[in-house]
Amino acid sequence: DSWQRCCAAGVNPWDGISHEILDSQQMENLCAQHHDLIEIAHPFMVRLYKFVAGSEFIVILADKRGYIMDILGDDDTLSNATRLNLVTGSGWMEEKVGTNGVGTALKLQRPVQVSGPEHYCHNVHNWTCSAAPIFNANRQLIAVLQISGPSRAAHLHTLGMVVAAAEAISDQIRIKRQNRELILLNNRLMEIFQTVSDGAIIINNRSLITQVNPIAEQIIGRELLDHSIAEVFEPSRHLE
């Protein structure tokens, strides 16, 4: 199916080199736009790279259009990758460079491994690509994680590692969004807490006052923060 799509798109099977490369300003904009995603994904990329370091593999993060945003790997492998323009800022859309991990995973929206002559273009027949999509909290595809290396070292376990890392990144994205929403909700609640017309006090499990609004301190007539609730409302005070 992928080869048929490539043929219909007019991809040159003797090419396989990315000719879609962002300039420095476009790359800066791309990284700024996906700052949170890159920040979350990079530690997982580092862990993946530790598994394959020294084995001629590289780890790649591309956006939902197929442009590489981050790349890690052995120096020799990165040098070989530059011959195909497999570098940050290069586009690896299936309709431009043929069947490949990033581009085909984007088309299918599911994990895929493309090895050796399974690639549509001859120039990448000595590579193997294992790629998995990354989804946001709304289950929208936002990026692709890939491990690429020599086709002679192709192994299904490689795809499994990429899938696990991609799912972990997706989970972290959802957690970060939930935390952000909780912070916003907490800030809103604190605004209400500080501005209600009644006195309000929050204590912890040790009976210490941790939050108090201005009205409560006006009613009690003293500073309350960090004091024990028993100290403020002792029986003798009520009897008076």
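Computed from heavy atoms alone, side chains included, the values below leave out hydrogens, waters and symmetry copies.
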- Message: Within the supplied structure, the quantity of interest is the number of heavy atoms (other residues, nucleotides, ligands) at a distance under 6.0 Å from N179 CG; does it exceed 12?
- Response: yes

- Using side chain to side chain contact (heavy atoms under 4.5 Å, CB included) as the criterion, point out the one residue from L86, V144, I147 that pairs with I60. L86

- Note on the structure: In this structure, CG of D74 is separated from OG of S79 (nearest 0.5 Å) by 11.5 Å

- Is any side-chain heavy atom of Q211 less than 4.5 Å from a side-chain heavy atom of M190? yes

- Item | Check: L22 and T88 side chains under 4.5 Å, non-hydrogen atoms | no

- Query: Any chain of hydrophobic side-chain contacts (each under 4.5 Å) joining I169 to I71?
  - Reply: no

- Indicate yes or no for a side-chain donor-acceptor contact from N213 to the backbone of Q194 under 3.5 Å, with no hydrogens or angles considered. no

- Minimum heavy-atom distance between V59 and M45, given as atom pair plus value: O-CE, 3.6 Å

- Given F135 and Q140, is the side-chain contact (heavy atoms from CB on, under 4.5 Å) satisfied, shown in steps? CA-CA 5 Å; F135 298 92; Q140 297 170 322; 5.9 Å; no

For residues 196-204, which side-chain donor-acceptor pairs fall under 3.5 Å, sequence neighbours excluded?
| from | atom 1 | to | atom 2 | distance (Å) |
| --- | --- | --- | --- | --- |
| N204 | OD1 | R206 | N | 2.9 |
| N204 | OD1 | S207 | N | 3.2 |
| N204 | OD1 | L208 | N | 3.0 |

- Specify the closest pair of heavy atoms between S2 and T99, including all atoms of both residues, with the distance to one decimal. OG-OG1, 2.6 Å

- Message: Counting only heavy atoms not in D75 (residues, nucleotides, ligands), do more than 12 fall under 6.0 Å from its CG?
- Response: no

- Message: If you define the side chain from C-beta out and look only at heavy atoms, does anything of V97 sit under 4.5 Å from V124?
- Response: no

- Item | Stepwise side-chain contact (heavy atoms from CB on, under 4.5 Å) check, E223 with E217 | CA-CA 6 Å; E223 290 186 1; E217 290 196 329; 4.3 Å; yes

- Item | Sequence neighbours excluded - salt bridge (Lys or Arg N to Asp or Glu O under 4.0 Å) pairs with any residue from residues 10-23 | E20-K96

- Query: Under a 4.5 Å side-chain heavy-atom rule over Ile, Leu, Val, Met, Phe, Trp and Tyr, are M161 and V114 clustered together?
  - Reply: no

Can I get a per-line list of side-chain donor-acceptor pairs under 3.5 Å for residues 101-109, giving both atom names and the distance, sequence neighbours left out?
| from | atom 1 | to | atom 2 | distance (Å) |
| --- | --- | --- | --- | --- |
| T104 | OG1 | E94 | OE2 | 2.9 |
| T104 | OG1 | N100 | N | 3.2 |
| T104 | OG1 | N100 | O | 2.9 |

- Note on the structure: One should read off an interatomic distance between H227 NE2 and L224 CG, to the nearest 0.5 angstrom, of 7.5 Å

- Query: Which pairs with one or both residues in residues 137-155 pass salt bridge (Lys or Arg N to Asp or Glu O under 4.0 Å), sequence neighbours excluded?
  - Reply: E56-R152

- Task: Starting at CG of N187, measure out to CD1 of I183 and round the result to the nearest 0.5 Å.
- Result: 7.5 Å

- Query: What pair of heavy atoms forms the shortest contact from G98 to C6, and how long is it?
  - Reply: CA-SG, 3.4 Å

- Task: Report yes if the side chains of I134 and L141 come closer than 4.5 Å at any heavy-atom pair, otherwise no.
- Result: no

- Going by the salt bridge (Lys or Arg N to Asp or Glu O under 4.0 Å) test, which pairs reach into residues 79-89, not counting sequence neighbours? none

- Listed partners of Y120 passing ring pair (Phe, Tyr, Trp, His ring centres under 6.0 Å), at least two apart: W3

- Message: If you define the side chain from C-beta out and look only at heavy atoms, does anything of V46 sit under 4.5 Å from L72?
- Response: yes

- Query: Heavy atoms, side chains only, cut-off 4.5 Å: are C121 and V11 in contact?
  - Reply: yes

- Item | ring-ring contact (aromatic ring centres under 6.0 Å, His included) partners of residues 157-187, not counting sequence neighbours, each pair once | H155-H157

- Can you establish whether the number of heavy atoms outside K64 located under 6.0 Å from its atom NZ is more than 12? no

- Query: About how many Å separate CD1 of I173 and CD of Q178, when rounded to the nearest 0.5 Å?
  - Reply: 12.0 Å

- Return the minimal non-hydrogen interatomic distance between S18 and N85, and the atom names on each side. O-ND2, 2.8 Å

- Side-chain cluster (under 4.5 Å, hydrophobic types only) that L159 belongs to, other residues: V163

- Query: Is there side-chain contact between I40 and K176, with heavy atoms separated by less than 4.5 Å?
  - Reply: yes

- Which value, rounded to the nearest 0.5 Å, describes the distance between L184 atom CG and L189 atom CG? 11.0 Å

- Item | Side chain proximity check, Y67 to M27, heavy atoms < 4.5 angstrom | no

- Does atom CG of D76 have more than 12 heavy-atom neighbours from other groups under 6.0 Å away? no

- Decide yes or no on side-chain contact (heavy atoms from CB on, under 4.5 Å) for W127 and I58, but give the supporting numbers first. CA-CA 11 Å; W127 286 82; I58 56 177; 4.2 Å; yes

- Query: What about I175 and F44, same hydrophobic cluster or not, with Ile/Leu/Val/Met/Phe/Trp/Tyr joined at side-chain heavy-atom distances under 4.5 Å?
  - Reply: no

- Task: Please check if L61 and I21 belong to a single hydrophobic cluster, counting links between Ile, Leu, Val, Met, Phe, Trp and Tyr side chain heavy atoms closer than 4.5 Å.
- Result: no

- Message: Quick one: does any side-chain atom of S151 pair with a main-chain N or O of T128 as donor and acceptor, under 3.5 Å?
- Response: no

- Query: Taking all non-hydrogen atoms of both residues, which atom of G16 and which atom of W92 are closest, and how far apart?
  - Reply: O-CH2, 3.7 Å

- Rounded to the nearest 0.5 Å, what separation is found between the CZ atom of R174 and the CG atom of N138? 10.0 Å

- Test side-chain contact (heavy atoms from CB on, under 4.5 Å) on I229 and I209 and set out the steps. CA-CA 6 Å; I229 193 72; I209 297 172; 4.2 Å; yes

- Note on the structure: In short, ring-ring contact (aromatic ring centres under 6.0 Å, His included) pairs touching residues 13-43 with sequence neighbours left out are W14-H122

- Message: Filter on salt bridge (Lys or Arg N to Asp or Glu O under 4.0 Å), then keep only pairs touching residues 179-193, sequence neighbours left out; what's left?
- Response: D36-R180, R177-E181, R188-E191

- Query: Are any side-chain N or O atoms of S130 and backbone N or O atoms of Q113, one a donor and one an acceptor, separated by less than 3.5 Å?
  - Reply: no

- Item | Hydrophobic cluster identity match, I68 and L30, side-chain contacts under 4.5 Å | no

- Item | Partner set under side-chain hydrogen bond (donor to acceptor under 3.5 Å, both in side chains) for N29, not counting sequence neighbours | Q25

- Item | For the student: nearest non-hydrogen atoms of L37 and A143, plus distance | CD2-CB, 3.7 Å

- Message: According to salt bridge (charged side-chain N to carboxylate O under 4.0 Å, His left out), who are the partners of E167, at least two apart in sequence or on a separate chain?
- Response: none

